[in-house]
Amino acid sequence: KRIESFFNFLDNSIFNKKRYSNFWKKSPDKKIFIVSAIIFFVIITYFLLPSFYNKDEVKKQLKSQILKKYNLEVNLDKNLKYGLFPMPHFFIKEAQIEYKSKRISISRSAKFFISSKNNLILNQIDLKNIVFFKTDFTIDKSNFNFFSNLSKVKALDKNIKFIKNKLFYLDQNQDVVFFSDINRINYTFQENSKSLLESRLNIFNLPIKLKSKHNIANKEVDTEIDFNTLRLIIKNNLKYNEDIYEGIIELNYINKNQTISFNIKDNKII
């Protein structure tokens with residue numbers, strides 16, 4: 001049986017070789033193969049063009065567009081590389097974010113996804129989305145509003161993601177009061193000046209789901225915080241105008257509801 005199977009395999013190999021040879025000899029099939037190969041080569045070459053851009057010029061454009069579109073000051077000091085999959089992007093091993101002239105985070109790596117519409121224009125990029133990986137935030141009361149201010153950005157059809165993060169909160173003596181594991185922070189910027197913030201984090205080993213919708217045009221924020229293990233859900237609707245804030249907090253604890261209305265004016269809470 002083994003000898004017979006060997007000769008059957010040999011016959012099949014010779015048959016396949018002859019069939020491939022006959023295919024190549026046919027003029028139409030040969031032309032189709034050559035044309036397909038050329039089209040594939042041209043497409044791959046087009047998408048690989050950004051890898052030949054001047055990396056220093058790309059860094060300048062990235063920093064400028066990030067500041068303009070997201071109001072983020074990002075330092076890119078390491079070598080920049082280009083990647084094609086899953087989408088065209090530039091990659092750097094370390095990225096730092098500054099806020100109010102103070103460094104508040106350092107990411108182990110970051111990806112800057114770009115549009116491929118203008119690849120033929122040398123050194124010209126169009127930034128779309130940003131992903132930061134393994135970011136350590138060092139925050140105190142002077143810059144804690146970084147997260148809320150980022151939700152006020154007006155960047156249509158773009159998003160920023162922070163994946164696998166840690167937050168260290170400092171007191172006035174710059175000592176760590178507590179730290180939090182933040183699995184992800186997603187900012188999605190939508191039409192009509194709307195933004196969506198979604199996050200999963202742990203504070204004192206307590207898992208929390210956070211979802212916040214910010215309507216910038218109407219100056220309104222809807223927030224939902226889910227403490228699943230405590231069976232507690234907090235919903236907050238906040239409307240603001242200059243220094244006046246008005247809101248309603250709904251507390252849902254084990255199927256019991258409580259509503260709190262409040263307003264803040266001149267640093268006073270009613």
Side-chain angles (χ1 to χ4, degrees), residues 65-74 97-100 104-105 127-132 135 137 139-163 165 167 169 180 182-203 206-270:
Q65 292 189 36
I66 293 171
L67 183 61
K68 182 178 179 180
K69 294 180 179 181
Y70 303 103
N71 197 26
L72 278 180
E73 190 174 345
V74 181
I97 296 178
E98 289 189 4
Y99 183 69
K100 295 183 178 179
I104 64 167
S105 77
L127 179 65
K128 295 180 67 178
N129 304 320
I130 309 175
V131 180
F132 295 95
T135 302
F137 291 98
I139 300 293
D140 56 31
K141 68 176 184 178
S142 67
N143 48 38
F144 189 78
N145 59 355
F146 161 79
F147 298 102
S148 59
N149 285 342
L150 189 56
S151 69
K152 299 177 182 178
V153 171
K154 299 178 182 179
L156 181 61
D157 295 333
K158 293 177 172 57
N159 61 64
I160 300 176
K161 294 182 179 181
F162 297 90
I163 299 175
N165 320 284
L167 184 146
Y169 190 83
S180 169
I182 306 178
N183 185 37
R184 63 181 176 87
I185 308 174
N186 294 349
Y187 287 91
T188 305
F189 305 101
Q190 305 167 336
E191 294 181 354
N192 301 322
S193 299
K194 295 180 181 180
S195 66
L196 174 64
L197 164 64
E198 295 179 289
S199 180
R200 291 176 178 265
L201 61 152
N202 289 281
I203 297 180
L206 184 66
I208 300 171
K209 294 180 182 178
L210 171 66
K211 187 174 183 180
S212 179
K213 297 179 180 179
H214 190 176
N215 189 323
I216 304 171
N218 294 339
K219 296 183 178 181
E220 184 175 4
V221 182
D222 289 303
T223 304
E224 181 177 316
I225 306 173
D226 187 352
F227 300 87
N228 189 25
T229 55
L230 298 181
R231 299 175 66 184
L232 169 65
I233 298 177
I234 302 174
K235 296 181 180 180
N236 180 32
N237 174 265
L238 175 68
K239 297 180 180 179
Y240 61 91
N241 187 8
E242 296 181 357
D243 295 330
I244 302 174
Y245 300 85
E246 295 181 350
I248 298 175
I249 299 175
E250 295 181 9
L251 304 174
N252 187 320
Y253 178 65
I254 314 180
N255 297 325
K256 294 181 180 180
N257 296 325
Q258 180 71 46
T259 301
I260 302 171
S261 300
F262 69 93
N263 65 70
I264 302 173
K265 183 179 181 181
D266 298 329
N267 292 326
K268 295 179 180 179
I269 300 176
I270 301 175

Inset, instruction - Taking side-chain contact (heavy atoms from CB on, under 4.5 Å) as the test, write out the residues that go with Ser199, two or more places apart. - result: Ile182, Ile185, Leu201, Leu210

Inset, instruction - Only one of Ile248, Asn236, Leu251 passes side-chain contact (heavy atoms from CB on, under 4.5 Å) with Ile260; say which it is. - result: Leu251

Legend entry - Ile160 to Leu72 - nearest heavy-atom pair and separation: CD1-CD1, 3.9 Å

Inset, instruction - Identify the residue among Ile233, Ile203, Ile234 that makes a side-chain contact (heavy atoms from CB on, under 4.5 Å) with Phe227. - result: Ile234

Inset, instruction - For residues Asn252 and Leu232, determine if any side-chain heavy atom of one lies less than 4.5 Å from a side-chain heavy atom of the other. - result: no

Legend entry - Interatomic distance, Glu246 atom CD to Lys239 atom NZ [nearest 0.5 angstrom]: 8.5 Å

Inset, instruction - Check the pair Ile66 / Leu127 against side-chain contact (heavy atoms from CB on, under 4.5 Å), numbers first and verdict last. - result: CA-CA 8 Å; Ile66 293 171; Leu127 179 65; 3.5 Å; yes

Inset, instruction - May I have the step-by-step check of side-chain contact (heavy atoms from CB on, under 4.5 Å) for Lys211 and Leu197, ending in yes or no? - result: CA-CA 6 Å; Lys211 187 174 183 180; Leu197 164 64; over 6 Å; no

Legend entry - Taking every non-hydrogen atom, the tightest pair across Ser195 and Phe189: CB-CD2, 3.8 Å

Legend entry - Lys69 and Val153, any side-chain heavy atoms less than 4.5 Å apart: no

Legend entry - Close side-chain approach of Asp222 to Ser212, heavy-atom, < 4.5 Å: no

Legend entry - Pairing residues for Ile264 by the side-chain contact (heavy atoms from CB on, under 4.5 Å) criterion, not counting sequence neighbours: Tyr245, Phe262, Ile269

Inset, instruction - Examine Phe162 together with Phe137 and report whether their ring centres are nearer than 6.0 Å. - result: yes

Legend entry - More than 12 heavy atoms of other groups within 6.0 Å of Lys268 NZ: no

Inset, instruction - For Asn165 and Phe132, run side-chain contact (heavy atoms from CB on, under 4.5 Å): C-alpha distance rounded to whole Å, both residues' side-chain angles, the deciding distance at 0.1 Å, then the answer. - result: CA-CA 9 Å; Asn165 320 284; Phe132 295 95; 5.6 Å; no

Inset, instruction - Taking all non-hydrogen atoms of both residues into account, name the closest pair between Asp140 and Asn143 and its distance. - result: N-OD1, 2.9 Å

Inset, instruction - Grab the two heavy atoms, one from Leu230 and one from Tyr253, that are nearest each other, plus how far apart they are. - result: O-CE1, 3.2 Å

Inset, instruction - Could you verify whether a donor N or O on one side chain and an acceptor N or O on the other, from Glu250 and Asn257, lie under 3.5 Å apart? - result: no

Inset, instruction - Quick one: do Glu98 and Val74 satisfy side-chain contact (heavy atoms from CB on, under 4.5 Å)? Show the steps, please. - result: CA-CA 6 Å; Glu98 289 189 4; Val74 181; over 6 Å; no

Inset, instruction - For residues Ile163 and Val131, determine if any side-chain heavy atom of one lies less than 4.5 Å from a side-chain heavy atom of the other. - result: yes

Inset, instruction - May I ask you to decide if the ring planes of Phe147 and Phe144 are parallel, tilted or perpendicular, using 30° and 60° as cut-offs? - result: perpendicular

Legend entry - Euclidean distance, Arg184 CZ relative to Arg200 CZ, rounded to 0.5 Å: 5.5 Å

Inset, instruction - Measure up the His214 and Tyr240 rings against each other and bin them: parallel (under 30°), tilted (30 to 60°), perpendicular (over 60°). - result: perpendicular

Inset, instruction - Examine distances only and state if a side-chain atom of Asn215 and a backbone atom of Ala217 form a donor-acceptor pair shorter than 3.5 Å. - result: yes

Inset, instruction - Starting at NZ of Lys235, measure out to CD1 of Ile225 and round the result to the nearest 0.5 Å. - result: 12.5 Å

Legend entry - Side-chain heavy atoms of Gln190 within contact of Leu196, under 4.5 Å: yes

Legend entry - Check: Asn145/Tyr99 side-chain N/O donor and acceptor closer than 3.5 Å: yes

Inset, instruction - To the nearest 0.5 angstrom, please state how far the NZ atom of Lys158 sits from the OG1 atom of Thr188. - result: 13.0 Å

Inset, instruction - Identify the heavy atoms of Tyr70 and Asn129 that sit nearest to each other, and give their distance. - result: OH-CA, 4.2 Å

Legend entry - From Ile216 atom CD1 to Lys152 atom NZ, the distance as rounded to the nearest 0.5 Å: 9.0 Å

Legend entry - Point-to-point distance, once rounded to the nearest 0.5 Å, from CG of Leu238 to NZ of Lys219: 12.0 Å

Legend entry - Smallest separation among heavy atoms of Lys161 and Asn186, with atom names: CG-OD1, 3.4 Å

Inset, instruction - Answer yes or no: are there more than 12 heavy-atom neighbours, outside Asp243 itself, under 6.0 Å from its atom CG? - result: no

